Participant: 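Here you go, one structure.
A note on names: the letters A, B, ... follow the listed sequences, proteins ahead of strands, and every chain is numbered from 1. These numbers come from a predicted model, not from an experiment.
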Amino acid sequence: MPGLGTSFGRGGATTAPSDLVNSDAILIMGSNMAENHPVGFQWVIEARERGAKVIHVDPRFSRTSAMADIWAPLRAGSDILFLGGLIHYVLENNKDFREYVIHYTNASIILPEEFKDTEDLGGVFSGWDAKDRRYDGSSWLYGACVQGGQAAPRSAGPHSGHHKDGTGTGAAADLRDCECDPTLSHPRCVYQVVKRHYARYTPELVERFCGVSRERFLKIAETFCSASGPEKTGAICYALGWTQQSKGPQIIRAASILQLLLGNIGRPGGGILALRGHASIQGSTDIPTLYDILPGYLPMPNLGLDSHNLADYVATHRDPTGWWWNFDKYIVSLLKAYYGEGAKKENDWGFNWLPRVTGDHSHQGYFLEMLDGKVEGLFVMGQNPAVAGPNSRLERKALSKLKWLVVRDLVELETASFWYDSPEVERGELRPEEIATEVFLLPAAGHAEKDGCFTNTQRLLQWHQKAVDPPGDARNETWFMYHLGRRLKEKAKHDPRPRNAGLSALTWDYSLEGTMQEPKVEEVLQEINGYAVADHNLVSGFNELKADGSTACGCWIYSGVFPRLGENRANQRNSQDLWGHGWGFAWPADRRILYNRASARPDGRPWSERKKLVWWDEQNKEWTGLDVPDFTRTKAPNYQPAKHAQGDEALAGDKPFILHTDGTGWIFAPKGLADGPLPTHYEGLEAPVSNPLYPDQQSNPAAMRDERPENRYASSPDDRFPYVMSTYRLTEHHTSGAMSRMLPHLAELQPEFFCEISPELASERGIENGGWVTLMTARGIVEARALVTRRMRPLLIDGKMVHQVGVPYHWGYRGLVKGDSANDLVAISEEPNVRIMEAKGILCDVSPGRRARGKAALDQWNAHLGRK
Amino acid sequence: MPISAFLTDASVCIGCKACEVACKEWNHIPDDGFAWSGQSYDNTQALGASTWRHVLFLEEKQPMGPQLAGIEEPFRWQFLSDVCKHCENAGCLEACPTGAIIRTEFESVYVQPDVCNGCGYCVVSCPFGVVDKNHDVGTAFKCTFCYDRQRDGLMPACAKACPTKSIRFGELEELRREAQVRIKELQDRGYNDAQTYDPTGSSVGGTHAIFVILGQPEAYNFPPAPEIPTIHLKSAWGSALVSALGVVLVVFLAFTR
Amino acid sequence: MAADPQFTENRLDALREEAARTGKVQDHGIAPGGSPFPKPASAVSYHGNPVLKPPTWTWQVPLYFFVGGVAGISAVIALVAHLFGNAGLIRAGLWVGFAGALISAPLLIADLGRPARFLNMLRVFKLRSAMSVGAWTLAGFSSAAGLAVVCHELILAGYGNDFLLVLEWVAEISAGLSGLILASYTSVLLGVTAIPVWSENRKLVPVVFLAGGLGSAAAVLELLGFLVPVTQFIGIVASAVETLVAILIELRGRYVDRPLREGAVGWLTRAGAALAGPTSLLLRIFSGHSSVARYVAAVCFVIGALISRYAWIVAGRVSSRDPQALFRIQRPAPNAAAH
């Protein structure tokens with residue numbers, strides 16, 4: 001998300017799957033789209049049928065590879081090397097879309113002298129504090145702040161990268177005060193800095209360290225990079241193959257840079273399709289279940305940094321130029337939605353009732369604290385950390401330290417039963433009689449048993465209706481949270497301590513309906529849409545929100561979904577065109593392709609008839625076209641801002657990236673990411689080779705390893721763990737398997753935990769197809785069936801054969817079909833911006849035969865660890 | 001009534017198995033057991049009494065048209081959803097002694113579950129190995145061509161669920177034409193081994209479920225020249241007659257000795 | 001679980017060894033990827049999985065084949081005996097026929113997946129379905145044999161009159177004719193299927209089943225005490241035919257007949273053929289005067305015929321599992337003879 005946010009302004013897919021039919025080339029990398037987004041993949045097939053070239057780059061030959069025109073095997077973890085190679089190819093051969101690059105990106109910006117690249121400093125950028133292990137990003141900033149000589153706040157902190165979609169906190173980068181070189185030849189202009197940064201990412205280096213032959217790499221480069229220019233566009237699709245790495249956002253940044261250079265963002269058939277996960281992962285960051293953000297990607301205040309009062313908070317986060325100038329309107333409207341009448345100007349609209357971030361409250365953060373006995377209770381709703389959490393062995397043990405655990409789900413899944421049937425119990429590491437955790441298992445309603453709304457990968461809100469009542473005591477989440485809140489508020493009435501003031505002030509007045517007294521979910525959606533406080537009239541969009549307390553809005557990016565009573569746009573089912581206008585509501589404001597100003601030339605005409613999307617209507621003096629313009633409708637293409645203009649008015653009429661302070665697409669990201677303004681190849685936290693570029697900087701310096709006895713790492717390389725594995729998903733199962741291993745029709749499709757290995761590895765280790773193997777890493781030991789297949793192949797990396805292993809992660813110790821959990825092998829680690837663990841490209845060993853049972857399994861594993 | 005037909009196209013199948021699941025969910029078919037086969041991603045392995053759509057996974061050392069996939073040698077992975085062929089001349093229908101198996105108004109072959117008494121003769125009479133007996137229920141089962149859905153004007157569940165339109169449902173002659181167009185298209189694009197599987201030249205007389213395949217039929221376990229067993233009636237009964245006459249002769253001779 | 005055990009590196013080595021030692025390979029071979037071996041067109045299949053479904057019939061069915069054969073031919077013997085005025089054999093033949101009919105129906109009903117619906121067999125009559133023909137034939141034969149027995153016993157008991165005499169003739173002729181069909185249709189049942197070893201032997205199996213029925217009927221009559229020249233003659237002819245058929249199957253050496261020659265089923269087939277063929281034949285020829293020998297010959301034939309029915313069913317099961325058996329019939333390889 002911050003990868004896309006820093007590059008373009010919003011941390012979400014810039015396009016929709018159906019737009020892929022307009023692509024001339026599609027690069028799918030870090031993704032197995034056919035298997036994990038099979039319905040969305042129909043558009044890739046359609047594109048291919050229309051002549052598009054589909055390229056798949058992946059460690060495994062998956063069902064996506066089977067449908068591609070070109071496949072290249074990749075060493076897991078070397079994505080930035082590959083993408084950097086493509087950037088190198090574009091820059092060395094002058095294949096960039098020059099006019100787009102000059103006008104729509106920050107390629108021409110001249111960077112300050114203080115900025116030093118990794119090529120200058122042997123693997124880190126300027127501002128690296130080796131003691132604190134973080135960057136001071138002030139030398140990356142360009143524009144007014146630098147010239148003003150003010151010390152900028154550190155850009156990395158307990159804030160992680162989700163807030164403001166990653167566009168970053170810190171002083172503005174105001175284009176009006178920047179030096180630019182439109183000829184792109186000044187040695188310190190972004191274009192030249194980037195060219196130097198990727199100068200060593202040659203096809204030869206790609207062959208040597210990615211495992212992709214020079215020939216195939218160049219074929220891919222030619223094919224994809226030719227989908228550029230006024231008449232052609234290309235799209236990139238990615239998923240967890242990229243995000244589950246210690247440098248995930250940087251990989252996405254590399255793809256973003258490539259797409260900006262090729263001029264593909266904001267254009268039909270172009271863009272970056274971040275393939276987000278099932279049902280409503282996009283929704284779960286929009287209305288967040290993340291600790292560090294508030295709805296609409298507003299930052300959760302940090303204790304001490306920005307949280308003394310609302311004014312400080314706003315001053316820290318509000319950008320003087322660009323769309324985030326409206327920041328105060330959104331936070332105030334949100335507070336009014338939360339606290340209603342209790343939110344007044346005098347009490348900063350209730351700002352001080354919001355919690356403050358005091359440390360690493362991420363999933364990994366609190367599970368580690370849980371293991372240390374510092375967490376009392378946990379609600380687990382629609383999640384299964386006992387199987388799906390990184391280092392699931394550690395997480396299961398951590399659960400045993402809780403005082404209480406509430407699990408709401410459709411079945412008694414592994415997280416609820418850990419205390420009596422987990423491997424830890426079988427191995428004697430945990431004894432049920434010694435576990436003091438009180439476990440409450442509550443039945444949950446399924447998706448057809450409740451009203452609600454999903455937000456899927458293309459930012460599309462789709463309403464779904466309740467078809468039947470849930471059985472027995474099963475209840476939906478809204479019911480649960482509402483009534484829990486109601487009861488807590490009752491208790492708070494009799495407990496007037498200051499800590500309960502916020503709870504008491506919370507508006508909690510949805511209508512209840514039915515025998516089960518379920519809150520009306522449509523009312524929640526209306527609150528999310530926003531309304532005028534005085535008369536409760538719904539607003540028609542975020543343009544109507546105010547900072548004076550007269551509006552309330554639960555999530556400003558969703559504003560417009562419910563513009564008037566009776567018009568639930570998420571529930572519309574009248575699709576009118578390929579992008580789905582009339583079906584559901586895409587945020588923001590039903591714009592289907594973001595940054596679509598870039599689909600027109602600087603003067604407002606489309607780049608070409610074939611690739612037209614939005615354009616300037618000279619007669620009516622407004623932007624018009626096939627999509628809702630992602631631009632101020634009446635701002636002319638030749639508009640130039642006045643010297644001290646603020647907000648959106650500070651951006652010229654040819655600057656499509658309106659969330660950015662300078663309106664450009666950031667090839668160089670001056671702020672927003674904790675680990676650097678440009679993607680750099682680092683090896684993973686465990687790797688089979690040393691970093692070929694920077695021997696002194698093996699892996700991402702800012703990534704967190706959370707190393708401790710229960711969470712160990714192999715060395716890079718490590719004789720005990722010579723192979724490279726990645727976890728992944730299959731079409732047939734759903735995440736931790738709690739919703740698929742319990743169903744016969746899905747369980748029978750893939751009944752057993754298996755791993756995929758090459759015939760060469762099988763022959764080397766005496767493994768037969770269909771046999772059992774034992775997999776070990778520095779974290780744990782599991783057993784799986786062996787699927788020996790040509791689809792896996794060893795790669796020649798720097799002269800030695802590196803074997804790769806594929807490990808699907810759907811099995812656990814309950815259900816119709818059971819198996820060991822692959823996440824027992826994965827470490828808890830945290831990428832510095834989004835705190836996602838590295839599950840791709842980790843080191844393992846594979847040996848024939850089943851693992852020992854019970855406690856003996858630990859002995860077997862420890863014996864292996866002891867080898868050196 | 002127009003003849004209902006399936007055209008299943010391997011060149012756009014992504015092996016997602018939505019067809020298998022949709023069929024099972026709609027028809028309330030039980031699972032087939034939880035055995036892992038080690039045969040690529042195919043744990044279903046064959047059609048049967050409790051599997052009426054079966055997705056095949058072929059890993060082959062051949063190129064897939066112009067695809068650039070193999071490294072030292074050609075390689076491809078292709079998928080295809082198999083189904084009851086609903087033969088023009090159906091072996092199971094001819095064999096059935098109770099008249100349970102009938103031809104519907106959609107020209108599909110349908111086993112009436114309330115008439116079948118589980119004699120098992122259809123099972124050995126299908127040249128494609130489709131129909132089988134469910135040993136718990138005792139009677140024979142196979143794809144119904146979603147007879148109930150078709151009667152309500154809906155398309156079969158598998159066709160509905162298929163995300164890439166690999167399974168197309170329509171009128172037989174039209175789908176036959178589409179198949180020919182598709183083959184030409186594929187061959188022009190470099191898929192030299194694209195062909196249809198629709199045994200019109202055999203005694204089966206063509207099927208109502210036709211396929212676009214890449215490579216030999218045998219690779220999919222499709223019989224290259226399927227025959228309806230009843231073409232052998234004459235030779236079998238002929239031999240029986242001669243043998244019977246022989247028996248009578250021997251018995252007569254026995255008494256005259 | 002693992003793919004077809006034929007397709008492994010070990011097997012390839014064994015074949016290479018055999019080739020080196022004997023100069024030729026008695027197998028259709030395997031073709032590992034990139035190998036120099038010529039690959040017959042139909043060596044490809046889907047993971048070596050079966051194409052066809054195996055027969056679902058259980059032990060009642062081959063037993064019924066046997067009993068039906070005995071019953072049907074017994075009725076024929078009874079009819080011919082009546083023509084020649086052999087009173088003892090008439091009565092015995094009719095009773096064996098009728099008893100056989102009584103056993104047959106329950107056997108078949110027990111094999112049905114839904115026995116309670118057995119009457120659905122008579123819901124329609126389909127000439128093109130051997131099983132439909134068989135169901136009606138059994139119904140007809142049982143009625144005719146029953147009627148014949150009733151008439152015969154009534155006449156023997158003294159209640160005979162012209163009507164009963166004519167009725168008995170009608171019944172006996174009906175039983176005889178339908179008995180021939182009863183004894184032979186089961187071979188057509190097998191031959192008109194998709195199962196390769198059955199359909200490719202569709203002209204041979206009627207000979208086997210009728211010879212078996214003939215010999216078994218005679219054997220049963222012998223075991224009931226009829227050690228007479230009629231049964232001896234029939235026994236010799238039947239076992240001679242069994243012997244010739246067995247030799248033919250061995251000599252023909254066709255791929256599709258492998259279940260009859262190889263593995264456990266091969267030995268079962270040979271056991272059945274040996275007992276009903278040479279054993280029974282030689283016992284009759286060289287010790288035909290000894291009643292013990294004739295009893296033994298009769299028992300051998302009966303057991304052999306029973307085993308042989310069972311072996312044909314199991315051979316069908318094995319044949320259904322081999323995709324190459326089917327493919328080779330339909331697309332014979334260019335150089336490897338499908339024979």
Participant: Taking atom types as modelled and ignoring hydrogens, do the side chains of H54(B) and E20(B) form a donor-acceptor contact shorter than 3.5 angstrom?
Facilitator: no
Participant: How are the rings of F65(C) and W57(C) set to each other: parallel, tilted or perpendicular (split at 30° and 60°)?
Facilitator: perpendicular
Participant: Counting only heavy atoms closer than 4.5 Å, note whether L253(B) contacts chain C via side chain, backbone, both or neither.
Facilitator: both
Participant: Given heavy-atom pairs under 4.5 angstrom as the criterion, report whether the side chain, backbone, both or neither of A140(B) touches chain C.
Facilitator: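 When you check distances to chain C, no heavy atom of A140(B) falls under 4.5 Å.
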Participant: Chain B heavy atoms under 4.5 Å from L214(C): which part of the residue, side chain, backbone, both or neither?
Facilitator: side chain
Participant: Within the 3.5 Å criterion, strictly below it, is a donor on S40(B) or W77(B) matched to an acceptor on the partner's side chain?
Facilitator: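 The answer is yes; a qualifying pair exists.
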Participant: Under 4.5 Å heavy-atom distance to chain C, tell me which part of C119(B) shows up: side chain, backbone, both or neither.
Facilitator: both
Participant: Below 4.5 Å from any heavy atom of chain C, which atoms of Y121(B) appear? Answer side chain, backbone, both or neither.
Facilitator: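 Contact with chain C: backbone and side chain both.
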Participant: So, D9(B) versus S11(B): side-chain donor-acceptor pair below 3.5 Å or not?
Facilitator: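 Distance-only check passes for D9(B) and S11(B).
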Participant: With only heavy atoms counted, which part of V130(B) is less than 4.5 Å from chain C, the side chain, the backbone, both or neither?
Facilitator: backbone
Participant: Let me know if L210(C) has heavy atoms under 4.5 Å from chain B in its side chain, its backbone, both or neither.
Facilitator: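 Interface part for L210(C): both.
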Participant: Side chain from CB out, backbone as N, CA, C, O: work out which of these in A35(B) comes under 4.5 Å of a heavy atom of chain C, or both, or neither.
Facilitator: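 Contact with chain C: none, neither part.
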Participant: Would R284(C) and Q232(C) count as having a side-chain donor-acceptor pair, cut-off 3.5 Å?
Facilitator: yes
Participant: By a 4.5 Å heavy-atom criterion (distance strictly below it), what part of A238(C) contacts chain B: side chain, backbone, both, or neither?
Facilitator: neither
Participant: Heavy atoms only, distances under 4.5 angstrom: which of L52(C), V80(C), V124(C) has the most pairs with chain B? Name it, please.
Facilitator: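 Winner by heavy-atom pair count: V80(C).
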Participant: Given that the side chain runs from C-beta out, which part of A116(C) has a heavy atom under 4.5 Å from chain B: side chain, backbone, both or neither?
Facilitator: neither
Participant: Please classify the contact between L83(C) and chain B as side chain, backbone, both or neither, with a heavy-atom cut-off of under 4.5 Å.
Facilitator: side chain
Participant: Report the residues that fulfil side-chain contact (heavy atoms from CB on, under 4.5 Å) with R117(C), sequence neighbours left out, ordered by chain and then residue number.
Facilitator: N117(B), T139(B), R114(C), N120(C)
Participant: Under a 4.5 Å heavy-atom cutoff, which of V228(C), V241(C), L189(C) has the most pairs with chain B?
Facilitator: L189(C)
Participant: Count the heavy-atom pairs under 4.5 Å between each of P224(B), G99(B), P127(B) and chain C, then report the option with the highest count.
Facilitator: P224(B)
Participant: Any carboxylate oxygen within less than 4.0 angstrom of a Lys/Arg side-chain nitrogen, looking at R76(B) and E59(B)?
Facilitator: no
Participant: Given a strict heavy-atom distance threshold of 4.5 Å, which part of F209(C) is in contact with chain B: side chain, backbone, both, or neither?
Facilitator: neither
Participant: Would you mind checking which part of K203(C) comes under 4.5 Å of any heavy atom in chain B, side chain (CB onward), backbone (N, CA, C, O), both or neither?
Facilitator: both
Participant: Hey, which of D114(B), I231(B), L241(B), V248(B) has the most heavy atom pairs under 4.5 Å with chain C?
Facilitator: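 Most heavy-atom pairs within the cutoff with chain C belong to D114(B).
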Participant: Identify which of G91(B), P226(B), A100(B) forms the greatest number of heavy-atom pairs closer than 4.5 Å to chain C.
Facilitator: P226(B)
Participant: Report yes if the distance between the aromatic ring centroids of F252(B) and F84(C) is under 6.0 Å, otherwise no.
Facilitator: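 That pair passes the under 6.0 Å test.
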Participant: Do the side-chain N and O atoms of Q45(B) and S37(B) include a donor-acceptor pair separated by under 3.5 angstrom?
Facilitator: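 The answer is no; no qualifying pair exists.
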Participant: Side chains of Y64(C) and D111(C): is there a donor and an acceptor less than 3.5 Å apart?
Facilitator: no
Participant: Under 3.5 Å, is there a donor on one side chain and an acceptor on the other for T230(B) and E94(B)?
Facilitator: yes
Participant: Please classify the contact between L119(C) and chain B as side chain, backbone, both or neither, with a heavy-atom cut-off of under 4.5 Å.
Facilitator: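 Answer is neither: L119(C) stays 4.5 Å or more from chain B.
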Participant: Scan side-chain atoms only and decide if T98(B) and R123(C) contain a donor-acceptor pair under the 3.5 Å cut-off.
Facilitator: no
Participant: Heavy-atom pairs under 4.5 Å with chain C: which of C116(B), P217(B), S202(B), G238(B) has the most?
Facilitator: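 When all of C116(B), P217(B), S202(B), G238(B) are compared, C116(B) has the most.
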Participant: Less than 4.5 Å to any heavy atom of chain B: does that hold for the side chain of F233(C), its backbone, both, or neither?
Facilitator: side chain
Participant: I'd like to verify something: which residue of A219(B), G215(B), S125(B) has the highest number of heavy-atom pairs under 4.5 Å with chain C?
Facilitator: A219(B)
Participant: Quick check on the interface: out of L112(C), I236(C), V133(C), I77(C), who has the most heavy-atom pairs with chain B under 4.5 Å?
Facilitator: L112(C)
Participant: Would you sort out whether D136(B) and K133(B) count as a salt bridge (charged side-chain N to carboxylate O under 4.0 Å, His left out), showing the intermediate values?
Facilitator: CA-CA 9 Å; D136(B) 297 320; K133(B) 201 154 100 165; over 6 Å; no
Participant: Check whether F6(B) forms a cation-pi arrangement with R53(B) (NZ or CZ under 6.0 Å from the six-membered ring centre, at most 45° off the ring normal).
Facilitator: yes
Participant: Is W198(C) close to chain B through its backbone or its side chain, or both, or neither, when contacts mean heavy atoms under 4.5 Å?
Facilitator: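 Only the side chain of W198(C) comes within 4.5 Å of chain B.
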Participant: Are the aromatic rings of F211(B) and F222(B) close, with centres under 6.0 Å apart?
Facilitator: yes
Participant: Heavy-atom distance under 4.5 Å to chain B: side chain of L122(C), backbone, both or neither?
Facilitator: neither
Participant: With a 4.5 angstrom heavy-atom cut-off, is it the side chain or the backbone of V51(C) that approaches chain B, or both, or neither?
Facilitator: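 When you check distances to chain B, atoms from both the backbone and side chain of V51(C) fall under 4.5 Å.
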Participant: For the rings on F145(B) and H86(B), is their centre-to-centre separation under 6.0 Å?
Facilitator: yes
Participant: Is I73(C) in contact with chain B via its backbone, its side chain, both, or neither, using a 4.5 Å heavy-atom distance?
Facilitator: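 Just the side chain, heavy atoms under 4.5 Å.
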